[in-house]
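Order of listing sets the numbers, starting from 1, for every ligand and every atom in it. Remember, predicted model here, so these are calculated numbers, not experimental data.
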Amino acid sequence: MTDSARKARDARQRRLDKGRNQEAAAKRVTKGLQAMIEMPLLEAIAQAGGAARPRDLYGEVAQRLNLDPDVRKEKRGCADQEYAIFDQQVRWTRQTLVGEGLIAGERGIWELTDKGRDKLTRVTRGKVVLIYRLDDGLAFLAHAEEAAGAIEKESLSLVLTSPPYPVVGREYGRFSVPEWLEWMSGLVGMWRDLLRPDGTLAVNLMDVHVPGTPMLSPYVERFSLDAIDNHGLHLAGRMPWHSPNKLGNLEWAVKRRVALRNTVEHVLLFSKTPTPSWDTRRLPSDPYAERSASARKHDARRGHEQRPGGYDINPEAFARDGEGRIPSNLIISGGVGGGGTYASRCREEGLGLHPARFPEEIPRRIIQLATAPGQVVYDPMAGSNTTGKVALDLGRRFISSEPVLEYAQGSALRFSHRPDFRAFPIPA
Ligand SMILES: C[S@@+](CC[C@H](N)C(=O)[O-])C[C@H]1O[C@@H](n2cnc3c(N)ncnc32)[C@H](O)[C@@H]1O
């Protein structure tokens, strides 16, 4: 083969490889993404006042989805005509929503239709509507502020929730940090009264930046101090949630590279009294790490030592009981909870997927730690009701509340196959 034929063959191979890589990238980006984009896109347009230019929406939708920065940057096409695969997915979702009559069909400006606004319907303030129930579960369509009034005082063993996080600006459904702190303080007071004396409040929060700087807002610390100082709660523990693929802050971590990609969210646990009914034996224990030969030798010596302080070490103290290690407080789990049957049922019913579900591992570990079978777990900002689903799986009872109709209806699909499921009509 001549040199030029070899070069031509290599160039062809490179083109083929590039095409295959781009296909693989496109598949990675698009897998399950379109159904997830729908509600955040409608919410982003509503937040912008009901109409917006596409380029002002892509970043906002990615933020709402907590999208991995590498996925956000994936490109496709030839050198002179490359486009971001994610942005294209958003455009395609918009196209689908135009077809469904949820966004007006004009290009250049994307505008919500009345039908699109309906999809974002929230329950009217002041109303608490029982939307579905099971033998061991009650789901309310309600704002948390009002749902609290429908729950018996001192009846809950655990209040577990993941609230919307605060941001700059006061637009649709979003709070500035001071507003958020005031709102949450009021809710913490209500939730404390609903808890049994041995009950626990667990709140999942993520860091936000001080506007215009890469500094973190100390709102998580302020929230904790308010719960302790003003509501008499006790800081019973922290369970940091490490999500390895979490999106870094777009401005400071991704564009400017002056902040690390923050892969940890907070889960703060408060107890009503210093004696919450926790039992770590309800969690699966962590496996022991493989011991090196020198560590095994050290273990064997330890039982026969006298420490410098003069006390003897009980050889039994280091013996392994075969049950594994005491469970750690660290939760390691990927981003948005796996879709599974919830996602496929939402698609079948034409309901938008909740974009900010937490993985089941979060409620599972907290419920196991803080409650016994049969006890009641309440998620006041239930979204897709991951908490309720896990509570039932673990033999606990649940109460949930969520003000967005679309999300509450989607959450019902987690339970609608069960014989004890009963849905109620939504009053107009
Ligand atoms: C981060 S999401 C919770 C997701 C949930 N953990 C899941 O796994 O699906 C926060 C939820 O709080 C809801 N929310 C917003 N304002 C609320 C309010 N005043 N009362 C109750 N829920 C509210 C939002 O509609 C959203 O579904």
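Note: an N/O pair closer than 3.5 Å links Thr386 and ligand 1 by distance alone. When only interatomic distances are considered, the shortest N/O to N/O separation between Tyr407 and ligand 1 does not fall below 3.5 Å. In terms of N/O distances under 3.5 Å, ligand 1 is not approached by Pro403. Ligand 1 has an N or O atom lying under 3.5 Å from an N or O atom of Glu402, backbone or side chain. Of the polar atoms of Ser384, at least one N or O is found under 3.5 Å from an N or O of ligand 1, judged by distance alone. Any N or O atom pair closer than 3.5 Å counts here, and Phe358 shares at least one such pair with ligand 1.
Look at Pro380 and you'll find a heavy atom under 4.0 Å from some atom of ligand 1. Heavy atoms of Ala382 come nearer than 4.0 angstrom to ligand 1 in at least one pair.
When the ring-ring contact (aromatic ring centres under 6.0 Å, His included) test is applied to Phe140, no partner is found at least two apart in sequence or on another chain. Partners of Tyr219 according to the ring-ring contact (aromatic ring centres under 6.0 Å, His included) rule, which considers only residues two or more places apart in sequence or in another chain, are Trp180.
Using cut-offs of 30° and 60° for the angle between ring planes, the His354 and Tyr407 rings count as tilted.
Two residues are said to be in side-chain contact when any heavy atoms from C-beta on lie closer than 4.5 Å; Arg414 and Ser384 meet this criterion. A 4.5 Å side-chain heavy-atom check between Leu268 and Met239 finds every atom pair outside the cut-off.
Under 4.0 Å from ligand 1, the heavy atoms of Trp183 that appear belong solely to its side chain. Heavy atoms from both the backbone and the side chain of His143 come within less than 4.0 Å of ligand 1.
Here Lys119 pairs with Glu38 in a salt bridge; the nearest charged N to carboxylate O distance falls below 4.0 Å. Using a 4.0 Å cut-off between charged side-chain N and carboxylate O, Glu146 and Lys127 make no salt bridge.
The contact set between ligand 1 and Met381, taken as ligand atoms under 4.0 Å from a residue heavy atom, comprises 3 (C), 11 (C), 12 (O), 21 (C), 22 (N), 23 (C). The atoms of ligand 1 that sit less than 4.0 Å from any heavy atom of Gly383 are 9 (O), 27 (O). Each of the following atoms of ligand 1 lies closer than 4.0 Å to a heavy atom of Val404: 25 (O).
Compare Arg122, Glu145, Glu43 by their heavy atoms: the one nearest to atom 19 (N) of ligand 1 is in Glu145. With distances taken over non-hydrogen atoms, the option nearest atom 21 (C) of ligand 1 out of Pro355, Ala408, Ala144 is Ala144.
One finds the CZ atom of Arg238 at 10.0 Å from the CG atom of Leu269 (value rounded to the nearest 0.5 Å). For the atom pair CZ (Arg117) and OG1 (Thr121), the distance works out to 11.0 Å, reported to the nearest 0.5 Å.
Ring to ring, Phe398 and Tyr378 are not that close: their centroids are 6.0 angstrom or more apart.
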